[in-house]
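For reference, the structure is listed below as structure tokens.
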Amino acid sequence: ITEGGFWHKKIYPDQMWLDGLYMGAPFYAEYAVRYNRPKDFQDVVNQFLIVAKHTYDPATGLYRHAFDASGKMPWADSIMGQAPHAWGRAMGWFSMAIVDALDFIPEDQQGRSEMIVILQGMAESLSKIQDQQTGGWYQVLDRSGDPGNYIETSCTAMFTYSILKGVRKGYLHEKYLVNARKAYTGLIDNFITVDTNDLVTMTDICGVAGLGGDPYRDGSFEYYVGEVIRDNDPKGVGPFIMASLEYEKLSE
């Protein structure tokens, strides 16, 4: 886009999706370290700041799934070009991208502190909508608790990882460990099963969600809660393993 943000994909021109940050930014930041390209760090940081500015919802403190800078997509609102809702896993990828990219971005890099502020704001907003019974977070975050919505385990694992790592690295206040512990034990108690052959299964993972395309995805509440739900989808299992490793570091 004109501000310097990367398109989500070539088939989605002028669009930035939160999930796209995890696909590129941490690897871009590591590349800049490995190949001594310090000028690239500003570009990495800008990806986060641009997408945050254009997807932030001040009414909820959450971030919408995406925005369309051209305003042409039917799913984009007429004011900000934002998608209609804050999808759990999109924000999960975004939070993971921040804590992982920060591993490589120099402490004196302009904009780095703003990335940490974004993470802190997410942790605070998420703490307010965490499900008290299961410790999890909902598929559609800005409609948490609404009929038809459900606790989605990939975003729950992602937020758990991001909070645990954020506290360990000093980006987040230790008070959020309560939320991370509640989420992690909630996943094990409610969404992880072990059968008689000791086969472990993680349940309630959203298979996929996107915007636009063919067939067209309108980003409505009904769309997100109607997408396929799977067991053991790698997009949930991977973050759960990452969260488990952070949880073990915490206990050490």
Side-chain angles (χ1 to χ4, degrees), residues 1-3 5-25 47-48 50-97 118 121-122 125-126 128-129 131 136-159 203-231 233-236 239:
I1 65 170
T2 54
E3 290 172 83
F6 294 129
W7 293 356
H8 186 63
K9 285 183 184 178
K10 204 171 182 178
I11 58 171
Y12 302 124
D14 302 308
Q15 299 170 39
M16 291 186 77
W17 300 14
L18 290 181
D19 18 341
L21 271 291
Y22 190 78
M23 297 175 191
Q47 302 306 312
F48 289 95
I50 291 165
V51 84
K53 180 176 80 171
H54 288 285
T55 58
Y56 182 66
D57 179 4
T60 61
L62 303 170
Y63 292 85
R64 304 279 185 91
H65 188 173
F67 82 97
D68 170 23
S70 74
K72 294 176 181 176
M73 294 304 295
W75 54 256
D77 72 47
S78 59
I79 300 168
M80 292 286 289
Q82 289 182 348
H85 291 289
W87 175 40
R89 190 157 71 227
M91 265 189 64
W93 288 128
F94 189 44
S95 66
M96 289 177 67
I118 291 166
M122 275 199 280
S125 297
L126 289 167
K128 294 175 181 175
I129 58 171
D131 181 59
W137 281 276
Y138 280 86
Q139 165 78 338
V140 183
L141 294 170
D142 54 329
R143 295 280 297 272
S144 293
D146 283 10
N149 210 351
Y150 64 94
I151 300 297
E152 199 279 319
T153 56
S154 72
C155 78
T156 298
M158 289 172 176
F159 295 141
T203 67
D204 293 64
I205 305 168
C206 172
V208 65
L211 295 158
D214 184 23
Y216 180 73
R217 300 164 294 183
D218 65 359
S220 65
F221 175 79
E222 291 73 22
Y223 160 70
Y224 285 113
V225 299
E227 273 289 16
V228 64
I229 300 170
R230 297 193 183 117
D231 291 346
D233 188 291
K235 297 183 291 294

Heavy-atom donor-acceptor pair, Ser125 side chain to Met122 backbone, under 3.5 Å: no
Salt bridge (charged side-chain N to carboxylate O under 4.0 Å, His left out) partners for Asp57, two or more places apart: Arg64
Cys206 backbone acceptor or donor facing Glu227 side chain under 3.5 Å: no
Which residues share a side-chain hydrogen bond (donor to acceptor under 3.5 Å, both in side chains) with His8, sequence neighbours left out: none
Straight-line distance of Gln82 CD to His54 NE2, nearest 0.5 Å: 9.5 Å
For Lys72, all residues meeting side chain to side chain contact (heavy atoms under 4.5 Å, CB included), sequence neighbours excluded: Asp68, Ser70
With Ala25 via side chain to side chain contact (heavy atoms under 4.5 Å, CB included) - residues at least two apart: Leu21, Val44, Phe48
Residue of the set Tyr224, Trp17, Trp75 for which side-chain hydrogen bond (donor to acceptor under 3.5 Å, both in side chains) holds with His65: Tyr224
Side-chain donor/acceptor of Tyr223 to backbone N/O of Gly210, under 3.5 Å: yes
Asp142: partners by side chain to side chain contact (heavy atoms under 4.5 Å, CB included), with sequence neighbours left out: Thr60, Leu62, His85, Ala86, Val140
Atom of Gly236, atom of Ala157 and distance for their closest heavy-atom approach: O-CB, 4.3 Å
Euclidean distance, Ile151 CD1 relative to Thr156 OG1, rounded to 0.5 Å: 6.0 Å
Among Thr55, Asp19, Leu126, side-chain contact (heavy atoms from CB on, under 4.5 Å) partner for Met91: Leu126
Stepwise side chain to side chain donor-acceptor pair (under 3.5 Å) check, Gln15 with Trp7: CA-CA 5 Å; Gln15 299 170 39; Trp7 293 356; over 6 Å; no
Euclidean distance, Met158 CE relative to Lys235 NZ, rounded to 0.5 Å: 8.5 Å
Non-neighbouring partners of Asn149 that pass side-chain hydrogen bond (donor to acceptor under 3.5 Å, both in side chains), sequence neighbours left out: none
Residue list, side-chain hydrogen bond (donor to acceptor under 3.5 Å, both in side chains) with Ser154, at least two apart or on another chain: Arg89, Glu152
Rounded distance [0.5 Å steps], CD1 in Ile229 versus CD1 in Ile205: 10.5 Å
Over all atoms of both residues, closest heavy-atom pair of Phe159 and Ser95: CD2-OG, 3.8 Å
Flag side-chain contact, heavy atom, 4.5 Å: Phe6 against Gln47: yes
Short side-chain to backbone donor-acceptor contact, Thr153 and Thr203, under 3.5 Å: yes
By ring-ring contact (aromatic ring centres under 6.0 Å, His included) - contacts of Tyr63 (at least two apart): Tyr56, Phe94
Which residues share a salt bridge (charged side-chain N to carboxylate O under 4.0 Å, His left out) with Asp146, sequence neighbours left out: Arg143
Counterpart residues, side chain to side chain contact (heavy atoms under 4.5 Å, CB included), relative to Lys9 (two or more places apart): Ile11, Tyr12
Counterpart residues, salt bridge (charged side-chain N to carboxylate O under 4.0 Å, His left out), relative to Glu3 (two or more places apart): Lys53
Results of side-chain hydrogen bond (donor to acceptor under 3.5 Å, both in side chains) for Trp137 - residues two or more places apart only: none
Closest approach of Ala90 to Leu18 (non-hydrogen atoms, all atoms of both residues): O-CB, 3.5 Å
Non-hydrogen atoms of Leu211 and Ala83 that approach each other most closely: CD1-CB, 3.9 Å
Flag side-chain contact, heavy atom, 4.5 Å: Asp233 against Val208: no
Flag side-chain contact, heavy atom, 4.5 Å: Tyr138 against Asp131: yes
